[in-house]
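Each ligand, and each atom within it, is numbered from 1 in the order the structure gives. The first residue in the sequence is number 1, and the count goes up from there.
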Amino acid sequence: MKERLLQLKQEILDNLGKAKDLSVLRNLETKYLGRKGELTKILRGISSMAGEEKKNIGKLANEIKTELRNKFEQVERSLSGSADKAGFLDVTLPGKKIKQGHLHPITIIQNELEDLFTSMGFMVLDGPELESDYYNFEALNIPGNHPARDMQDTFYVAPGPSPAGAGEWRSDMVMRTHTSPVQIRAMRKYGAPLRCVVPGRVFRCEATDACHDTTFDQLEGFMIDKNISISNLISVLKEMLSGIFKQEVKIRVRPGYFPFVEPGLEVDVNCTICDGKGCPSCKHSGWLEMIGAGMIHPNVLKYGGIDSKEYSGFAFGLGLTRLAMMKYGIDDIRLFNSGDLKFLEQF
Ligand code: FA5
């Protein structure tokens, strides 16, 4: 009998250990401790035992019964606790905030410019950042060894040995130094007449300061048609600047040299950081060089497959990152690519 009791106790404890919810527990309770339960039946049988055996088995049976009762209660408490936790939802707790990203200031201003230009009938084009030497320089009237190449020192990719001999090296692929190569690509693809803008990233190998970076954005714009003149260029630039700044901005136009235009112009914007008084962002001049522009050189039209006797055109290259500096009052261009969230979260 003692053996049977200990065996039953072990069986009940094993089953209790496996009980996953309260309904399983209730079934176990009925099966073993209920009115017709297996342990109850044994306990009833003790009354028919005699003498010393009755006393010893009776004591053991009562001890086992008490121990099992306690164990049932303990399991019940833990099962109802976990049920509470799983089933309870505190709807008054504040929700988890999902961090939302936003557009980079350069993208914001690029979108505004694209809207402005499409409203004036310009197409928005794209071009490769890794560009051939031919499109970046050659077809823009800047042959190899032309001194104008020094104005835009670049990153040559995968240099190979120079056919010219020892000490020199050359590569046919460059990180584009400006968005102007897309002029040629567009002329060849679409022909004339043509109205396009090309926003995009450009790269230059140069020392950085508050208004120069090695990676920055430009927006190329060009218009080719019959009888296009400098006055068309100036009026488009004015339209663009007043659209971006939403107010009259002071500009200054001076002669500039770019081999792919004739005549060439530089357009400066009155520095909005210091209000023209002079600061590191404008190199203490009160003006920030913002746009290179001019009438497209006949050689460039020829490279693009357009008859320069029939068509003329203007082109400009806007420093998009510098425009963003002026619009948002940012005094150091290097902040744009810094990845600094304290800076970026202000937009
Ligand atoms: C050019 O890149 C010419 N492709 C522009 C052009 C296009 C002229 C079509 C004529 C016709 P430039 O090197 O000046 O020109 O650069 C144009 C503008 O880019 C500058 O006015 C300036 O706003 C910006 N820029 C130039 N270098 C940097 C730099 N290192 N960091 C930031 N912005 C720059």
Side-chain angles (χ1 to χ4, degrees), residues 106 109 113 127 131 135-137 139-142 148-155 174-187 194 196-224 228 230 232-234 236-237 240-241 244 251-272 280-283 285 287-297 299-301 304 312-327 330-337:
I106 296 293
I109 206 156
L113 283 164
E131 184 57 282
Y135 278 113
N136 198 78
F137 293 122
L140 287 169
N141 210 23
I142 318 175
R149 289 205 176 200
D150 290 348
M151 288 156 57
Q152 297 186 5
D153 196 6
T154 184
F155 300 101
V174 300
M175 297 307 291
R176 68 175 177 190
T177 54
H178 50 174
T179 40
S180 301
V182 187
Q183 284 186 36
I184 306 290
R185 289 180 177 276
M187 286 181 213
L194 195 58
C196 310
V197 284
V198 187
R201 214 151 36 148
V202 301
F203 310 85
R204 292 197 191 171
C205 179
E206 61 178 309
T208 64
D209 59 28
C211 59
H212 290 86
D213 210 342
T214 53
T215 302
F216 57 98
D217 282 72
Q218 285 190 340
L219 178 114
E220 191 80 9
F222 45 97
M223 185 169 176
I224 301 169
I228 296 292
I230 289 255
N232 296 116
L233 167 68
I234 301 290
V236 166
L237 291 183
M240 172 185 82
L241 291 171
I244 288 294
I251 60 165
R252 155 179 108 166
V253 180
R254 57 194 166 86
Y257 173 67
F258 303 96
F260 34 95
V261 287
E262 180 57 40
L265 312 171
E266 295 268 15
V267 181
D268 304 332
V269 170
N270 197 237
C271 182
T272 55
S281 314
C282 59
K283 290 203 207 141
S285 70
W287 297 93
L288 195 66
E289 187 191 308
M290 186 78 81
I291 304 165
M295 298 305 291
I296 301 175
H297 196 288
N299 285 355
V300 174
L301 290 173
S312 57
F314 69 71
F316 65 86
L318 161 77
L320 189 54
T321 317
R322 286 198 186 161
L323 185 70
M325 281 176 81
M326 293 295 107
K327 174 155 168 125
I330 294 156
D331 60 6
D332 196 320
I333 197 167
R334 290 164 292 195
L335 283 165
F336 287 100
N337 287 333

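- Of all protein heavy atoms, the one closest to atom 31 (N) of ligand 1 is Asp213 N, 3.0 Å.
- For ligand 1 and Cys211, the ligand atoms under 4.0 Å from any heavy atom of the residue are 31 (N), 32 (C).
- Closest to atom 6 (C) of ligand 1, if we only count protein heavy atoms, is Gly292 O, 3.4 Å.
- Phe260 counts as a contact of ligand 1, since one of its heavy atoms falls under 4.0 Å from the ligand.
- Arg204 places no side-chain N or O within donor-acceptor distance of the main-chain N or O of Phe216, the cut-off being under 3.5 Å.
- At least one donor-acceptor pair under 3.5 Å links the side chain of Asn136 to the backbone N or O of Thr177.
- For atom 28 (C) of ligand 1, the closest non-hydrogen atom of the protein is Phe216 CZ, 3.3 Å.
- Considering CD1 of Ile228 and CD1 of Ile230, their distance stands at 11.5 Å, rounded to 0.5 Å.
- Annotation: atom 1 (C) of ligand 1 to nearest protein heavy atom, Gln152 NE2, 3.6 Å.
- Under the 30°/60° scheme for interplanar angles, the aromatic rings of His178 and Phe137 are found to be tilted.
- The backbone N or O of Ile244 sits less than 3.5 Å from a side-chain atom of Lys327, completing a donor-acceptor pair.
- Contact atoms of ligand 1 toward Val261: 10 (C), 11 (C) (distance under 4.0 Å to a heavy atom of the residue).
- Of the protein's heavy atoms, Arg322 NH1, 3.4 Å lies nearest to atom 22 (C) of ligand 1.
- The shortest separation from a heavy atom of Ile291 to ligand 1 is under 4.0 Å, placing the residue in contact.
- Note that CG of Asp213 is 10.5 Å distant from CZ of Arg322, once rounded to the nearest 0.5 Å.
- Checked by distance only, ligand 1 and Met290 come closer than 3.5 Å through their nitrogen or oxygen atoms.
- Residue-ligand proximity, Arg204 to ligand 1, at heavy-atom distances under 4.0 Å covers atoms 1 (C), 2 (O), 12 (P), 13 (O), 16 (O), 26 (C), 27 (N).
- By the 30° and 60° cut-offs, the orientation of the rings of Phe316 relative to Phe314 is parallel.
- Counting protein heavy atoms only, atom 9 (C) of ligand 1 is closest to Glu220 OE2, 3.4 Å.
- Atom SG of Cys271 is separated from atom CH2 of Trp287 by 10.5 Å, given to the nearest 0.5 angstrom.
- Looking only at protein heavy atoms, the nearest one to atom 24 (C) of ligand 1 is Gly319 CA, 3.7 Å.
- Annotation for ligand 1: atoms under 4.0 Å from non-hydrogen atoms of Gly317 are 5 (C), 6 (C), 7 (C), 9 (C), 17 (C), 18 (C).
- Residue His178 has at least one nitrogen or oxygen atom sitting less than 3.5 Å from a nitrogen or oxygen atom of ligand 1, judged on distance alone.
- Remark: ligand 1 and Ser180 share an N or O pair separated by less than 3.5 Å (distance only, no angle test).
- A salt bridge is defined here as a Lys NZ or Arg NE, NH1 or NH2 lying under 4.0 Å from an Asp or Glu carboxylate O, and Arg252 with Glu289 fails to meet this definition.
- Within the 4.5 Å cutoff, the side chain of Met290 has no heavy atoms near those of the Glu266 side chain.
- Set against the non-hydrogen atoms of Gln183, the atoms of ligand 1 under 4.0 Å away are 9 (C).
- For atom 15 (O) of ligand 1, the nearest non-hydrogen atom of the protein is Phe258 CE2, 3.3 Å.
- Scanning both residues, Gln218 and Thr179, for their nearest heavy atoms gives OE1-N, 3.1 Å.
- Using a 3.5 Å distance cut-off with no hydrogens or angles, the side chains of Asp332 and Ser281 do not pair a donor with an acceptor.
- Compare Glu206, Glu266, Gln218, Glu289 by their heavy atoms: the one nearest to atom 30 (N) of ligand 1 is in Glu206.
- When each atom of ligand 1 is checked for a heavy atom of Ile333 under 4.0 Å away, the hits are 32 (C).
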